[in-house]
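One structure is given below, encoded as structure tokens.
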Amino acid sequence: MTFRRGALWALLAAKLVGGWGVGWDIRWHLLIGRDSFWIAPHVMAYAAVAATAMISLGVLALETWRTRRGAPSPDAVTVVGLAGTRGFHLAWWGIAIAILAAPIDDLWHRLFGIDVTLWSPPHLLALVGSQVSNLGIVLIALEVYERGWTRWAALVSGGLLLLGTFYIMVDPSIQTAFHRGGVFFFTHAILGTLAFTFALGLIARVAHSRSVPLVLTVGALLVQLSIVVVGDIGFAMLQPTPAIEEAIAADPASPIAVAHEMARRNGTTPGRSLTLRLIPLIPGAVMAAANPVRRPRLAALVFGLALAAVSGVGLGRLAALSHALPSSGDTGLALALTLGAALASAACASRVAEVMERYTRLGSSQAANRSSSPAGVSANIKSPAYSGRTKPSATA
């Protein structure tokens, strides 16, 4: 168990470094423009992916070795010849999907050119794999810790990974609002409600803590600030030569060119705005007040409504979106879609939480049955922990 706990915190550390690398990579493309595998943020991100893969696969390899030597863990399951807990399986297979996305992304760029958008199929595949791995980390926290402060901290850390990755996935919606306007002005609110409510509701449920939504939204803002700092330090150390003007001139309609145009209209620096990280703070506080542990549907609905309201006001004040403001009819339709997204996300979060808790209880009961069985008692007597103790007599 101690080994698994160490692996859990090592996974969380690797994932944090990976988040720094991805965040810096996004700023690199916005400010420098050149795309090469060996740029510093790519190296940081893929080193973190490699570390995550080695840690999760290493635990599975050790569990498999123990199983083949006749000492299987009672809560281990075997998938494709690898034995381990369900959490470590998810952590490994999820990151394996993210690794698979790398050569697909390279092929994509060879076929269609370098058009940096987070919503390309290879990027989405990598993000989905990362989220599967993040769910595995949350499940590992449930597997290795009993209820208490340490489990809460581990679950919140895993929740930050889930929420932060969803933030990255939803961020391009701001350009959808810029291009299309109308009901699409609320794309961030609708997609955000669908994604963020799942992460916040799931972690609140498994951590049995109503304060989780506020803690996670504040924590995600702090992580974003750390990403900005890491990028600033990296740029100051490497001082790469920008080639962004040439990239924008070559394709004025690219997502990078649009990001620069929006920043110009808003009077901000590309890649440094915190607007999209500030918007979920009030909805997170409202969701916590509604108690997502006891009233998950109500909490999801108020989160969605608050996100739509705060997003509408916050984004509506941006000069870059002044041409895209919605009509009253657009707003009504967007609110209906937001409420539907909230209910769907709450149902999904509750279902996943139930599955995680059931598997955690199943693993605990299997471990208890194994330790209380005659074979388990015999194994315990032979273990070093029994050295120097009086063995139980046959009549005891």
Side-chain angles (χ1 to χ4, degrees), residues 15 19 22-23 118-119 124 127-128 130-132 134-135 137-138 155-174 176-177 185-207 209-224 227 273-293 295-315 334-353:
K15 287 276 191 172
V22 171
L118 287 170
W119 283 357
L124 290 176
L127 290 169
V128 168
S130 181
Q131 288 295 65
V132 172
N134 291 337
L135 286 172
I137 290 175
V138 172
L155 288 172
V156 166
S157 299
L160 283 173
L161 299 176
L162 271 176
L163 183 62
T165 305
F166 276 136
Y167 276 173
I168 294 173
M169 295 173 76
V170 173
D171 280 351
S173 61
I174 191 74
T176 303
F185 176 84
F186 289 98
T187 303
H188 181 269
I190 297 170
L191 293 182
T193 297
L194 188 65
F196 308 159
T197 303
F198 172 80
L200 300 176
L202 171 64
I203 303 303
R205 168 72 179 269
V206 296
S209 173
R210 65 183 296 176
S211 65
V212 158
L214 180 57
V215 172
L216 289 182
T217 51
V218 172
L221 174 61
L222 296 178
V223 171
Q224 181 63 32
I227 289 173
S273 175
L274 295 175
T275 300
L276 295 183
R277 299 298 178 266
L278 292 169
I279 286 175
L281 292 178
I282 292 177
V286 172
M287 187 179 191
N291 197 341
V293 178
R295 295 181 288 273
R297 293 186 182 87
L298 175 62
L301 289 172
V302 298
F303 177 84
L305 290 174
L307 186 64
V310 176
S311 176
V313 172
L315 298 182
L335 288 177
L337 293 172
T338 299
L339 293 177
L343 290 175
S345 186
C348 187
S350 295
R351 177 57 179 164
V352 173

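Using a 4.5 Å heavy-atom cutoff, the side chains of L337 and F186 are not in contact. Contact check for I279 versus T275: side-chain heavy atoms found under the 4.5 Å cut-off. Proximity of T176 to W119: side-chain heavy atoms (C-beta onward) are separated by under 4.5 Å at one or more points. Counting heavy atoms from C-beta on, the side chains of I203 and L160 never come closer than 4.5 Å. You'll find the side chain of M169 stays beyond 4.5 Å of the side chain of L191, heavy atoms only. Contact of the H188 side chain with the I174 side chain is not registered, since no non-hydrogen atoms from C-beta on lie closer than 4.5 Å. Here the side chains of V310 and P283 are in contact, with some heavy-atom distance below 4.5 Å.
Scanning all heavy atoms of the two residues, the minimum distance from L163 to A220 falls at CD2-CB, 4.1 Å. Closest of all the heavy-atom pairs between A341 and L194 is O-CD1, 3.8 Å. Taking both residues in full, the closest heavy atoms of I168 and V22 are given as CD1-CG1, 3.9 Å, listed atom of the first, atom of the second, then distance.
Sorted by first and then second residue, the salt bridge (charged side-chain N to carboxylate O under 4.0 Å, His left out) pairs with a member in residues 160-174 read D171-R277; sequence neighbours excluded.
Legend: residues meeting side-chain hydrogen bond (donor to acceptor under 3.5 Å, both in side chains) with S211, ordered by chain and number and at least two apart, are S209.
No option in L162, T217, V223 other than T217 meets the side-chain contact (heavy atoms from CB on, under 4.5 Å) test with Y167.
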